[in-house]
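Written below as structure tokens is the structure these notes are about.
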Amino acid sequence: MDKKRIIIISIVVLALIIIVASICIYLNSLVTRSKPEDVVSAYMTYLVNGEYERMYELIDQNSKNNNSQEVFVSRNKNIYTGIEARNIMITNMQVQEFENRNSRS
């Protein structure tokens, strides 16, 4: 009987650990979600610094599906070096939500 009881207690403890870990992971994901303003700011910082690979990490999945990282990096690098962009800045940034044209209701 003691072995059975130890096994049952072990299973209950393991289940509780899994549940608590799952809750912590979920709560952490809520806290670490970026605000749109922060994403745009990071994107612009990467642009100014020529960090095109990091810019790619910030675009949405639909855009990633339509453009490989290699194509994205090459295209943006060619655009911004081609026009000799310097001292890029954003002022008075306002983010507005819009309905995704590609989403289906």
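Listed here is the closest heavy atom pair of Ile59 and Ser63: CD1-CB, 3.8 Å. A pairwise comparison of heavy atoms in Arg54 and Tyr46 identifies NH2-OH, 3.1 Å as the closest pair. Residues Phe72 and Tyr52 approach most closely at CE2-O, 3.5 Å, considering heavy atoms.
Between Gln61 atom CD and Asn66 atom CG the span is 10.0 Å, to the nearest 0.5 Å. Rounding to the nearest 0.5 Å places CE of Met44 at 11.0 Å from CG of Asn49. Rounded to the nearest 0.5 Å, atoms CG (Asn76) and CD (Glu53) are 10.5 Å apart. Atom-to-atom distance recorded for Met55:CE and Gln69:CD is 11.0 Å, nearest 0.5 angstrom. From Tyr43, atom OH reaches atom CG of Leu58 across 8.0 Å, with rounding to the nearest 0.5 Å.
Proximity of Leu14 to Ser10: side-chain heavy atoms (C-beta onward) are nowhere separated by under 4.5 Å.
A side-chain donor from one of Asn67 and Arg75 sits under 3.5 Å from a side-chain acceptor of the other.
One hydrophobic cluster, built from ILVMFWY side chains closer than 4.5 Å, cannot hold both Val12 and Ile23; they sit in different ones. Hydrophobic clustering (side-chain heavy atoms under 4.5 Å, transitive across Ile, Leu, Val, Met, Phe, Trp, Tyr) keeps Ile25 apart from Ile17. Side-chain heavy atoms closer than 4.5 Å link hydrophobic residues (I, L, V, M, F, W, Y) into clusters, and following such links, even through other members, never connects Leu47 to Val71.
No donor-acceptor pair closer than 3.5 Å links the side chain of Ser74 to the backbone N or O of Glu70.
With a 6.0 Å radius and a threshold of 12 heavy atoms from other residues, nucleotides or ligands, Lys77 has its NZ atom at or below the threshold.
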